[in-house]
S.K.: 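Handing you a structure now.
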Amino acid sequence: MDLRLALRGLAERLREDIPEQVDRGLARMREEAPGFFVRDDDPDFVELYRQSYRQHLRVVYAGFESRRPLEEQEPLGLAAEEARLSANFGISLSDVLQTYRIGQRLIVEEMIGIVESTIEDAETRASVLRTSSRWLFHYNDWVTQRVTETYENERDLLMRDRDRRRRQLVRDLLDGETVEASQLGYELERQHLAVVAWGQNAERAVLALRGATGLALLAISGTYPTSWGWLGGAEIGGRQLKAIRDAALPEGARIALGEPEGGIDGFRLSHRQALSAYRIARDTRAPVTAYADVILLALTLQDPELARNFVSRELGPLIEPNERSTLLRETLTAYFAAGENAASAAAVLGVHDRTVLYRLRSIEDRIGHPISARRDEIAVALRLAELMMAD
């Protein structure tokens, strides 16, 4: 028998049975890929995937007797729409592709049954099965690639769209407007710990904190180059804060934290605190900066011009850009860190006690009054000066 005639006969026999093949195929798919059928409560989606399956079979069988390129076969609009809706419904791509693999296997079974019962010549049977199978596998690779591209494009669009909606809801909430927790997918009547992340892998850093703490998470894209997050729970205490500090952040990522605060007002307040900590931390190298650790600096830096004036007023010539001034600032910082104990400061600096005492007298001569007279102000000014010089 002529191969072309045999392939045409196979295609005609297969087309006669398409409605029954669809029923049998969907029944098998429900058994082997139940995740695809989670939205069978939507009659439009059910009708769509049934029609898509019929179209799929028609294109495959037409290809058995046609030599046209794949791109010239019947348009796959239904398969594309099925992929887009699947992405919208949250059906996984693996479940979508599993239905195609099952369909492919069922077509092979149908082909074998028809060929063995209708073609007597063994050589012709082998040629028909070889030719039709080659086309079927080639087609299935082609269509699943396009279905995958359509699905992933739709998912990316959805994620961006959802993120835009969520960002707007969060900004409305931060601006004092009323927002339903159900719209955010995050409970507002509990404690919140706000996070601002930046650097490489900022989004992944925020997500990593959920795994480290076990707390609920609301995450959005923040003002460039930041990502924002809120960790939520009935109570956020020392255990969770320690887990955050010990968390293995992605390479290049850094985070700033607010304080645990309660309710909607706490949601807003903790975020303001995290932003204040971020303004300090972005000029340092610390991977984690908590608002509690920099609160005094954060409050002082609300007005940069006043902050610079404050540093100049308190430190005077100690902020001059020369080696001697740098040495005196380092000595003063070590002195404060040692609890104003000159011997302990000397041990840290690796110098003699008398050297520290001499430097302290030199500092007092330069600023014009005893260090003890404005101890707190000088300590803050030193930290501010370090940040400003790093900027």
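All values below were derived from every heavy atom in this structure, side-chain atoms included, with hydrogens, water molecules and symmetry-related copies excluded.
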S.K.: Sequence neighbours excluded, which residues qualify as salt bridge (charged side-chain N to carboxylate O under 4.0 Å, His left out) partners of E340?
M.R.: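 Testing E340 for salt bridge (charged side-chain N to carboxylate O under 4.0 Å, His left out), a comparison that skips the adjacent residues, returns R375.
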S.K.: State yes or no: do V59 and L14 share one hydrophobic cluster built from I, L, V, M, F, W and Y residues joined by side-chain heavy-atom distances below 4.5 Å, directly or via other members?
M.R.: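 Yes, it is one cluster - the side chains of V59 and L14 are joined through contacts under 4.5 Å.
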S.K.: I want to know whether Y61 and Y139 have ring centres closer than 6.0 Å.
M.R.: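 When the ring centroids of Y61 and Y139 are compared, they turn out to be at least 6.0 Å apart.
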S.K.: I'd like to know if R50 pairs up with D23 as an ion pair, taking the criterion as any Lys NZ or Arg NE/NH1/NH2 lying under 4.0 Å from an Asp or Glu carboxylate oxygen.
M.R.: yes
S.K.: Report, one line per pair, each donor and acceptor closer than 3.5 Å where one atom sits in a side chain of residues 349-362; sequence neighbours left out.
M.R.:
| from | atom 1 | to | atom 2 | distance (Å) |
| --- | --- | --- | --- | --- |
| H352 | ND1 | R354 | N | 3.0 |
| R359 | NH1 | T331 | OG1 | 3.0 |

S.K.: When you check the gap from the basic side-chain N to the acidic O, do R374 and E314 get nearer than 4.0 Å?
M.R.: yes
S.K.: Is R268 salt-bridged to D175, cutoff N-O under 4.0 Å?
M.R.: no
S.K.: Show me, pair by pair, the donor-acceptor contacts under 3.5 angstrom made by side chains of residues 103-112, not counting sequence neighbours?
M.R.:
| from | atom 1 | to | atom 2 | distance (Å) |
| --- | --- | --- | --- | --- |
| Q104 | OE1 | N140 | ND2 | 3.4 |
| R105 | NH2 | E32 | OE1 | 2.9 |
| R105 | NH2 | E32 | OE2 | 2.8 |
| E110 | OE2 | R24 | NH2 | 2.7 |

S.K.: Run the side-chain donor-acceptor check on residues 241-257: report pairs under 3.5 Å with partners two or more places apart or on a different chain.
M.R.:
| from | atom 1 | to | atom 2 | distance (Å) |
| --- | --- | --- | --- | --- |
| K242 | NZ | D246 | OD2 | 2.6 |
| R245 | NH2 | D293 | OD2 | 2.7 |
| R254 | NE | A286 | O | 3.3 |
| R254 | NH1 | T284 | O | 3.3 |
| R254 | NH2 | A281 | O | 2.5 |
| R254 | NH2 | T284 | O | 2.2 |

S.K.: Rest of the hydrophobic cluster containing L174 (Ile/Leu/Val/Met/Phe/Trp/Tyr, side-chain heavy atoms under 4.5 Å)?
M.R.: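 Noted: L174 shares its cluster with L169, V170, L173, V179, L184, Y186, L188, V196, W198, L218, I220, W228, W230, I264, F267, L275, Y278.
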S.K.: What pairs of donor and acceptor atoms, side-chain ones from residues 85-97 against any protein atom, are under 3.5 angstrom apart with sequence neighbours left out?
M.R.:
| from | atom 1 | to | atom 2 | distance (Å) |
| --- | --- | --- | --- | --- |
| S86 | OG | E82 | O | 2.8 |
| N88 | ND2 | R84 | O | 2.8 |
| N88 | ND2 | E154 | OE2 | 2.9 |
| S92 | OG | S94 | OG | 3.0 |
| S92 | OG | D95 | N | 3.1 |
| S92 | OG | D95 | OD2 | 3.0 |

S.K.: Compute the ring centroids of Y53 and Y49, then answer whether they are less than 6.0 Å apart.
M.R.: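 No.
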